[in-house]
Amino acid sequence: MKLTDVEQGMLDGAEGAAVQKAMDLLIRYGEALGAERLVETNNVCGTFVAAGPMIREFASKGNDAIFSEFNLDSTEHVAMPPVKAYTCHLIMGIDSEHPEMRQVSEDAARVQTEGEKFFGAKGINMLSTCTPYQVGNVPVMGEHCAWMESSAVIYCNSVLGARTNTEGRESTGAASITGRIPYFGLHIPENRHATHLVDVRVSVDDMMDWGLLGYAIGEMVEEDIPVFRGLESQPSLIKLKHFGAAAASSGGVEMYHMPSVTPETRSEEGALGGSAPRASWIYGPQERRAAYEKLNSTASSADVDFIMLGCPHNSIEQVWQVARLLEGRRISPNTSLWVFTPRALKEVADRSGYTDVIKAAGGHVLSDTCPAISRIMPKGTRVVATDSAKQAHYLPAITGVQAWFGSVADCVEAAVAGRWTGGLR
Amino acid sequence: MKLTDVEQGMLDGAEGAAVQKAMDLLIRYGEALGAERLVETNNVCGTFVAAGPMIREFASKGNDAIFSEFNLDSTEHVAMPPVKAYTCHLIMGIDSEHPEMRQVSEDAARVQTEGEKFFGAKGINMLSTCTPYQVGNVPVMGEHCAWMESSAVIYCNSVLGARTNTEGRESTGAASITGRIPYFGLHIPENRHATHLVDVRVSVDDMMDWGLLGYAIGEMVEEDIPVFRGLESQPSLIKLKHFGAAAASSGGVEMYHMPSVTPETRSEEGALGGSAPRASWIYGPQERRAAYEKLNSTASSADVDFIMLGCPHNSIEQVWQVARLLEGRRISPNTSLWVFTPRALKEVADRSGYTDVIKAAGGHVLSDTCPAISRIMPKGTRVVATDSAKQAHYLPAITGVQAWFGSVADCVEAAVAGRWTGGLR
Amino acid sequence: MIVLHGRKVVGGVSEGEALVTRETISGWGGIDPRTGKVVETRHELCGVSFKDKILVFPGAKGSSGWSQYFHLARLAGTAPKAILYNRTTTKVALGAVVMRVPALTDFDRDPLSIIEDGDWVRVDADRGIVEITKKSS
Amino acid sequence: MIVLHGRKVVGGVSEGEALVTRETISGWGGIDPRTGKVVETRHELCGVSFKDKILVFPGAKGSSGWSQYFHLARLAGTAPKAILYNRTTTKVALGAVVMRVPALTDFDRDPLSIIEDGDWVRVDADRGIVEITKKSS
Ligand code: F3S
Ligand code: F3S
């Protein structure tokens, strides 16, 4: 790889041991990718605070050791310097302020709080969410970023027009203290064109339908880049958030084009870069039903005992909707309802009175993490219902539960009745 | 104006008195504009909670009365229904949690807290900031919005490609319970083309320079729409936020085009809609210096007693920068430093440890409002220094102080030394 | 007597002494609703009140608080008798509506080049007519 | 003995028994680093461990936790001896780098159509060579 003088200096240790280790990793990584050079970035979203049992075992060695091993892939433990790039920590291991989650592991809560202090002092912003764009990190078109979290990567590339690959814990760690990431993949304009065409033959308007479309496309397109034809309704942040998270879990989609909505190009031809699509697919009633069936494939019993709302984390608009649906009603005694929103937006929910409404109905508003990441759910959970295609995809694999997928209204009815009555309308 | 059946029904009172009053206002307003019809909106950002002495005098009549008079322009007081559209409250009158601000007027704090409860129960999200896009309200391209706050309007149209005019307290009130706003101005594609060309002949890279460019352009372009040529560096959210706020205060700019960054078009010709610009301006060293001189025109004494950082409200990246600049230093005893960030992001600042670092240096982190809106500054303030072109433009006019404008580093040096040593480099 | 024709913004008939400015007017940070005075430091009308005047001006500028400040002027009884402006923006149109005074725009001739301070102006917004009696005559 | 040529991703030489799958592999929610087993319910290798195997697969899928999970596998001593994959993504490349095992990609012929479970495979990633001794012969 070709290095600039500054980069060569960093590799030679001119800015200390940690920066040297970071450059070593970035070069090994760049060569593994076949990248020609590095590119500057001032927008890194990664995971630094120790989470999960295996990494926490390292906690006794201190956060410098955790940073060296898991954020620099350096067996030699070096002291972490303040970060150079604007860096944010994404999802946390647990919601350290929610009683039910804390008692699962006091130790996890302690390690997390200590980690927040340590990495915060290095300049890492504790956004504590999988949705940085909902908590003020909204890169603009053309900005080179180094982001983890597949649902955030697809949003960053497609809806914001900024540029990032799906980075990892190690590459984002190295980027935070060097301000560099390999110039590869979606950083390069030629790689951002659409490769496949999806012809939408059904109306896609509500939140559930945007999730079904995403889930179906992920399987068709895998890592390639689709451009859509036939989408009539105007989507908003929360609909594209749900769509992207679904497409990034059933496949590895990191970018898509919807010419009237995504900023990169104004036309199908422009999205395709003037060439023909490698393949075209139709998304019609059968594909929609197939996606619905797959998302509900693990569910058999209608006796729902846990409702999970908010994957990716809910916006304040979604928390308002849940509060409206629950106002004046009671959740069935043998059912729990957890709504997830970033801690920063929980502050807005508290202040607007939504948290009290949801609590009065017997529900809980949580932040920082989610059941799939923390593996924490109400004790004895067997059958889950969720409004999120991604959570319905991962929760059964990770925790062995059954999962129903439907609209937020279906989920709230199930919470109140204790029984699932959702369906594909 | 041509109304749909639903709109005619609302006007005829089918959805109650308040909705009827709202439609009455929207039609009077639409006819005043010469608009042909209304357009649906599900994204309203306005001001509902009573603030400012004159409106607070109404508080004794209750929040339904405040909503009727100031959000519907209805002399007849009607009961406010829950909102129909996703609606956010922008800036508050005071920071009700900051001691120095509360003791200015306990009454103001009480009216505000009661208003938050009342309007929150109607479904109005208390974002409590002039920067909705930094607290999760990030409309996507093509979305019809009804936003107040000139710095947010220019960001929404230009950087996000969504569509809004500069709405008012009354029009946003009516939009919140009808989901309608006049189809006029920037809602109409033909009106979003650039009308003027700005040829930038100096490098524009740091935050201060983006503010100077905005301030200079506002005076040249007033309400028209500029397209920029010659901008080389890649801006980020905070730079375009500062630029837009400056352009919207020295003039009435509501939209601009920077083809490589703003999503609406990819080229200068596309931005101009194929026609020639009505006029072209050069932004060179003289224009840059002229903007700097105007922004500092009220300042004479170098004895700075108040530093205001964060107009529009700081992102978490900016709060991190202030903490880094203040770490291990002390603010001069006869100087105060207030940093403004949205309450939701203050939560992230607290959690990352920045609030403690700033407090240790003698500074304060505030939210919800700002000196220009609240007219509250440390007692006896005569000479202010700020990193924000908009605050430097308005604060002298509103409070009679002198104001220096410079970089955040200049401002922190002034806070520590108690003397202004900034300048145009 | 000079007659201008314009488009109705807000109906009604009113007459009074003209107050003319070639500078756009700001609401928040630009006027004091309690007195009806312009307070923007560098404005040519700084310190002058538009109460009961026929206000003739190019249009609005500044923040989205424009309509609210002129709304407050109505409630404080300091609003102008009528307003004539050239450039329509949502700020000035909404302000005119909530001030509830006769208002006209889109004139056949520029009122700023015809009307002067102190002229007597009769505004019939329903019929879109402005009748100007020059101060001197 | 069959020879394939590919591009070096991570250097080094290693040999062992092949474990082959035609399905992309997920890290987070896809493998258990303590045992090296694939745990994705609908995966053809569900329950099988790649510990000390020469893992041959199309590429990575799923979340950005990919590299971290294979990093943990190295630390737990359950990583494969070497990996051969077809499709380069940042996930699989970073995973290969932090696993620190010989890795090759971009082959002259598709290894998935040649190598079968149990074949003995020698990987010389420095010279980009894969030597396959079929189980049966
Ligand atoms: S981290 Fe976020 S994207 Fe879903 S799986 Fe957990 S809520
Ligand atoms: S409301 Fe915000 S934009 Fe500036 S004037 Fe006050 S900080």
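A, B, ... follow the sequence lines: proteins, then strands. Residue 1 opens every chain.
- Interface residues of residues 116-126 of chain D toward chain A, defined by a heavy-atom distance below 4.5 Å: none.
- For A/Ala372, the parts lying near chain D are the backbone and the side chain together; criterion is any non-hydrogen pair under 4.5 Å.
- Within the 4.5 angstrom heavy-atom criterion, no atom of A/Thr399 approaches chain D.
- Taking chain A as the reference chain and counting heavy-atom pairs below 4.5 Å, the highest number among D/Val9, D/Val98, D/Thr88 is found for D/Val98.
- The nearest pair of heavy atoms linking D/Arg7 to A/Ala32 is NH2-O, 3.0 Å.
- The contact between A/Phe184 and chain D is made entirely by side chain atoms (from C-beta outward), counting heavy-atom distances below 4.5 Å.
- Applying the side chain to side chain donor-acceptor pair (under 3.5 Å) rule to A/Thr131 yields the partners A/Thr129, A/Gln134; only residues at least two apart in sequence or on another chain are considered.
- Crowding of A/Glu36 atom CD: a count of heavy atoms from other residues, nucleotides or ligands under 6.0 Å not exceeding 12.
- A/Glu254 places a side-chain heavy atom less than 4.5 Å from the side chain of D/Thr90.
- Scored by the ring-ring contact (aromatic ring centres under 6.0 Å, His included) test, A/Phe58 finds A/Phe70 as partners (sequence neighbours excluded).
- The candidate with the highest count of non-hydrogen atom pairs below 4.5 Å against chain D, out of A/Glu223, A/Glu149, A/His393, is A/Glu223.
- Heavy atoms closer than 4.5 Å to chain D are found nowhere in A/Ser250, neither backbone nor side chain.
- Heavy-atom proximity under 4.5 angstrom to chain A picks out D/Ala60, D/Lys61, D/Gly62, D/Ser63, D/Ser64, D/Ser67, D/Gln68, D/Tyr69, D/His71, D/Leu72, D/Arg74, D/Leu75, D/Ala76 from residues 55-77 of chain D.
- Counting heavy-atom pairs under 4.5 Å between each of D/Arg100, D/Lys91, D/Glu40, D/Lys8 and chain A puts D/Arg100 at the top.
- In terms of heavy-atom pairs under 4.5 angstrom with chain A, the leader among D/Leu94, D/Val97, D/Asp106 is D/Leu94.
- Between chain D and the residues A/Gly252, A/Ser171, A/Gly46, the largest count of heavy-atom pairs under 4.5 Å involves A/Ser171.
- Scanning all heavy atoms of the two residues, the minimum distance from D/Gly29 to A/Ile398 falls at CA-CG1, 3.9 Å.
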